[in-house]
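Note sheet for the following structure.
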Amino acid sequence: MDRPSHTDPAPDLHTLQVQVLYRNMPTGVLASAINAAVLAAVEWSVVPHTPLLLWVIGLWMVAAARAILILGYRRSAADFLEQRRLAPLDAGDHQHGGIRMGQQRVFSDAGHSPPL
């Protein structure tokens, strides 16, 4: 009994999961930064100011690092999509260039015999 062959969906699933993660990530980053500021304002009269400010600055630095990751992902994804869009055109240029070079070689050597 032959089983139908099928491809493993794991690579596609992983790609889609990463896309969803980076699509939704800005909301979480912004919410974390705002929540840190709100919590610091609420706790200002209860907690010593220095540790509270260090905590808020630390969370904002993490949010900034995550924002840099988001921008890097979007840039690399855009570059990847642009390469995929141009790849068929590039392959066609190389293929036609090879055919032209081959024709040129055949026709330019038509009157000469190859060296022995």
Side-chain angles (χ1 to χ4, degrees):
M1 178 171 183
D2 291 331
R3 290 185 155 190
S5 65
H6 64 317
T7 59
D8 183 21
D12 294 333
L13 180 63
H14 178 70
T15 302
L16 292 173
Q17 287 175 336
V18 170
Q19 288 173 351
V20 169
L21 171 71
Y22 278 97
R23 186 178 64 230
N24 296 332
M25 197 170 166
T27 305
V29 171
L30 184 62
S32 295
I34 291 171
N35 287 339
V38 168
L39 186 59
V42 169
E43 296 288 330
W44 189 256
S45 62
V46 181
V47 178
H49 297 171
T50 304
L52 189 61
L53 288 174
L54 290 174
W55 177 77
V56 170
I57 290 170
L59 284 179
W60 285 351
M61 289 174 61
V62 170
R66 290 172 67 192
I68 291 169
L69 285 175
I70 293 168
L71 293 174
Y73 173 78
R74 288 185 178 168
R75 257 190 223 125
S76 67
D79 290 345
F80 176 73
L81 291 175
E82 183 69 16
Q83 288 174 356
R84 285 186 64 189
R85 187 180 70 78
L86 294 177
L89 299 174
D90 194 29
D93 288 344
H94 290 303
Q95 181 181 13
H96 290 100
I99 291 171
R100 285 192 301 261
M101 287 179 63
Q103 289 172 344
Q104 184 180 12
R105 173 83 176 154
V106 168
F107 293 126
S108 66
D109 291 342
H112 302 285
S113 61
L116 296 175

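- In this structure, Y73 is a member of the same hydrophobic cluster as V29, with clusters built from ILVMFWY side-chain heavy atoms closer than 4.5 Å.
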For a quick test of your reading: what N or O donor-acceptor pairs under 3.5 Å do the side chains of residues 19-28 make, sequence neighbours left out?
{"residue": "N24", "atom": "ND2", "partner": "V20", "partner atom": "O", "Å": "3.4"}

Scan the side chains in residues 58-71 for donor-acceptor partners under 3.5 Å anywhere in the protein, sequence neighbours excluded, and list what turns up.
{"residue": "W60", "atom": "NE1", "partner": "A33", "partner atom": "O", "Å": "3.1"}

Could you list the donor-acceptor pairs under 3.5 angstrom formed between side-chain atoms of residues 45-55 and any protein atom two or more places apart in sequence or on another chain?
{"residue": "H49", "atom": "NE2", "partner": "W44", "partner atom": "O", "Å": "3.2"}
{"residue": "H49", "atom": "NE2", "partner": "W44", "partner atom": "NE1", "Å": "3.3"}

